[in-house]
2 protein chains.
Amino acid sequence: MEHAPWSKNGHPVAAYWNMGCPNANAAFAELIRVSRRDMRARCVMQLASERARHVFLPFAGWLVAAKVDPDGARQIVDFVLPGDVFDPATASTAIAAVDVAAVDNVQLAMIPRKAWHGYLETHHAAWALSVRQTAAGYGRMAERMLRLGKSSAETRIAYAICELCLRADPFGLVADRAFHLPLTQQVLGEYVGLSSVHVNRTIRAMARAGVLDYHGQLEVIIHDLAALAAMAQIDPAELRAAIIPSPG
Amino acid sequence: MEHAPWSKNGHPVAAYWNMGCPNANAAFAELIRVSRRDMRARCVMQLASERARHVFLPFAGWLVAAKVDPDGARQIVDFVLPGDVFDPATASTAIAAVDVAAVDNVQLAMIPRKAWHGYLETHHAAWALSVRQTAAGYGRMAERMLRLGKSSAETRIAYAICELCLRADPFGLVADRAFHLPLTQQVLGEYVGLSSVHVNRTIRAMARAGVLDYHGQLEVIIHDLAALAAMAQIDPAELRAAIIPSPG
DNA sequence: CGGCAGTTTGATGCCCGTCAATAGTGGTGG
DNA sequence: CCACCACTATTGACGGGCATCAAACTGCCG
């Protein structure tokens, strides 16, 4: 089988996005092909409160949706992972709600919003995908707000690790498996609302307690999944159902 | 003009939701008429992680979307106000991400999700409304997460007041106008992630500083809008564009 | 080797949660 | 009308968790 120009390592885009309709898939592949880009780590692709021009579909590497407050502190609102579809638009749909930037080196499609919405209107089958993606994003934010509001640093970090391992790895959240999260402790802190110093203390304590191991820029191995889930106040299977868009 | 059975005080539902298409409006009015309900304050209509059966459209009174953590503390994820359309579904679309409950006495339509999605498929014009509502909800949650993560109690509360006054009052965020927010300080605390005691201290300090007045269950009058906006770290016009669904 | 970005650890202080007690406020029944 | 109750608001005292400042330590790359 020949590799399409928008495939990577023999891993075609179709493995991430499937509309369940040949016509829709073909038109989608063409959209992707035309708007394919490469971005280096830290590259900013969209600024909040500027005109929202694109919908973002990464297929290698992570993006962040973030906001910066007047003091310069950054709060990460959500990560955008390969297979996601992210539209940064707000209520007045021309304006972006958040900054969008690359976490590490990223390969993605930046589809102009007009073209994307035209595609959705033409290809009814793609609506289901869009709706699932939106619902998954909402579920993630609801879970995360619960922890941002009232939980301890330990709960927030345990939850973030569970969420990101679930999303990053098709095998799900299992023990004794290495997960790679392309994050510094600083970035993880911006996600969970903690200083990088306190992220370090907390994750270090978890490692000393034997719950997990990590090294470098967050190569994580979970040893005691039950303990981690308890800290995060989740049930792995239930969380998966709530935040991972179902392929169906 | 005769009042339709689903109108209230001569204030027809059409003032809240307009699909911009007579057919779609007529079918919508019928949906509303059939699924109209009254609910008393504190009544719970949906539990998180149970099957999501309805889409909620209040036209008098407020709803909350909330989650309860294992210790019994409640985090309010969003308020649902008259004119909103709220679908509590998650990524596996049959399950609800959040509890839905009435804040005060509420008149609303609870449309079965199947009927609602059938309606959206039949009446293309209504998609735009649905998309705007979703985008507005996303914008609100992004703004709120920014404050939940890193901001002081003063900023969180000032922001919550700005957001809710904007959403609750068609005249927008203006000085020396009385806004009624049907919330106790306890509930406001569950929204911004603070204890009711600290909500009291903070809002009291704001009143003493002459920024606003309030009494009873949050009848608020803003005296110094500029100071309040500075505390909330917002620009009123910009915030409005980000979180209020545009009528167009 | 030096430089830089990230990690690790210690010391200090403040914001906000918790506990506790008092004072309103509205609703209900006598 | 008043007594009584539940609920909410208000204020004080105290303690802990996390931010902040600062200083080594690590690993990586040129």
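Predicted model, so just to flag it, every value in this text is computed and none were measured.
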A.B. asks: Distance alone, cut at 3.5 Å: any donor-acceptor contact between the side chains of B:Y191 and B:R74?
C.D. replies: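 Looking only at side-chain atoms, B:R74 and B:Y191 do not form any donor-acceptor pair under 3.5 Å.
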
A.B. asks: If you measure only the distance, is there a donor-acceptor pair under 3.5 Å linking the side chains of A:Y138 and A:Q133?
C.D. replies: no

A.B. asks: Look for any protein N or O under 3.5 Å of an N or O in nucleotides 22-26 of chain C and output each such pair with its distance, or none.
C.D. replies:
none

A.B. asks: For A:R37, does the CZ atom have more than 12 heavy-atom neighbours from other residues, nucleotides or ligands under 6.0 Å away?
C.D. replies: yes

A.B. asks: Nearest whole Å is fine: how far is C:dG17 P from B:Q75 CD?
C.D. replies: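 Distance, rounded to whole Å: 12 Å.
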
A.B. asks: Ignoring the backbone of B:L194, work out which of D:dA19, C:dC16, C:dG6 is nearest its side chain.
C.D. replies: C:dC16

A.B. asks: Can you tell me how far P of C:dT7 sits from CG of A:L181, to the nearest Å?
C.D. replies: 12 Å

A.B. asks: Mind checking if B:T184 touches a base, just sugar-phosphate, or nothing, with heavy atoms under 4.0 Å?
C.D. replies: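 Sugar-phosphate, backbone atoms only, no base.
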
A.B. asks: If I compare all heavy atoms of A:G193 with all of A:R156, which pair ends up nearest, and what's the gap?
C.D. replies: O-NH1, 3.2 Å

A.B. asks: Do we see a donor-acceptor contact under 3.5 Å between the side chains of B:R144 and B:Y159?
C.D. replies: no

A.B. asks: Report the distance from atom CD of B:Q186 to atom P of C:dT18, rounded to the nearest whole Å.
C.D. replies: 11 Å

A.B. asks: Mind listing the closest non-hydrogen atom pair of A:A142 and B:K67 along with its distance?
C.D. replies: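 Looks like O-CD, 4.0 Å.
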
A.B. asks: From D:dT8, C:dC16, D:dA19, pick the nucleotide closest to the side chain of B:R42?
C.D. replies: D:dT8

A.B. asks: Could you tell me the separation between the CG atom of B:D71 and the P atom of C:dG17, rounded to a whole number of Å?
C.D. replies: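 In whole Å, C:dG17 P lies 14 Å from B:D71 CG.
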
A.B. asks: Work out which heavy atom in B:R40 is nearest to a heavy atom in B:A102; give both atom names and the distance.
C.D. replies: O-CB, 3.5 Å

A.B. asks: For the CZ atom on A:R177, are there more than 12 heavy atoms of other groups (residues, nucleotides or ligands in this structure) within a distance under 6.0 Å?
C.D. replies: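 Yes, CZ of A:R177 has more than 12 neighbouring heavy atoms, counting only those of other groups under 6.0 Å.
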
A.B. asks: Which whole-number value in Å describes the distance from A:H198 NE2 to C:dA11 C1'?
C.D. replies: 15 Å

A.B. asks: Starting from C1' on C:dT7, measure out to CG on A:L188 and report it in whole angstrom.
C.D. replies: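 Whole-Å distance recorded here is 13 Å.
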
A.B. asks: Under 6.0 Å from the CZ atom of A:R51, do we count more than 12 heavy atoms belonging to anything else shown?
C.D. replies: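 No, CZ of A:R51 has 12 or fewer neighbouring heavy atoms, counting only those of other groups under 6.0 Å.
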
A.B. asks: Quickly work out the B:Q217 CD to D:dA6 C1' distance and round it to whole Å.
C.D. replies: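 So the two atoms are 13 Å apart, to the nearest Å.
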
A.B. asks: Please give the angle, rounded to 10 degrees, between the axes at the start and the end of the helix from C:dC1-D:dG30 to C:dG30-D:dC1, where five pairs define each axis.
C.D. replies: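 The helix from C:dC1-D:dG30 to C:dG30-D:dC1 shows an end-to-end axis angle of 30°.
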
A.B. asks: Give every pair of a protein N or O atom and an N or O atom of nucleotides 8-10 of chain C that lie under 3.5 Å apart, one pair per line with the distance.
C.D. replies:
unit_1 : atom_1 : unit_2 : atom_2 : d
C:dT8  : OP1    : A:Y214 : OH     : 3.3
C:dT8  : OP2    : A:Q185 : NE2    : 2.7
C:dT8  : OP2    : A:N200 : ND2    : 2.4
C:dT8  : OP2    : A:Y214 : OH     : 2.8
C:dT8  : O5'    : A:N200 : ND2    : 3.1
C:dG10 : N7     : A:R201 : NH1    : 3.3
C:dG10 : O6     : A:R201 : NH2    : 3.2

A.B. asks: Could you check whether A:G189 gets within reach of a base, just the sugar-phosphate, or nothing at all, counting any heavy atom under 4.0 Å?
C.D. replies: nothing

A.B. asks: For the residue pair B:V100 and B:F56, establish whether any side-chain heavy-atom pair is separated by less than 4.5 Å.
C.D. replies: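 In contact.
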
A.B. asks: Between A:E50 and A:Q46, does any side-chain donor sit less than 3.5 Å from a side-chain acceptor?
C.D. replies: no

A.B. asks: Side chain of B:D104, backbone of B:G61: donor and acceptor closer than 3.5 Å?
C.D. replies: no

A.B. asks: Rounding to a whole Å, what distance do you find between A:E219:CD and C:dT7:P?
C.D. replies: 13 Å

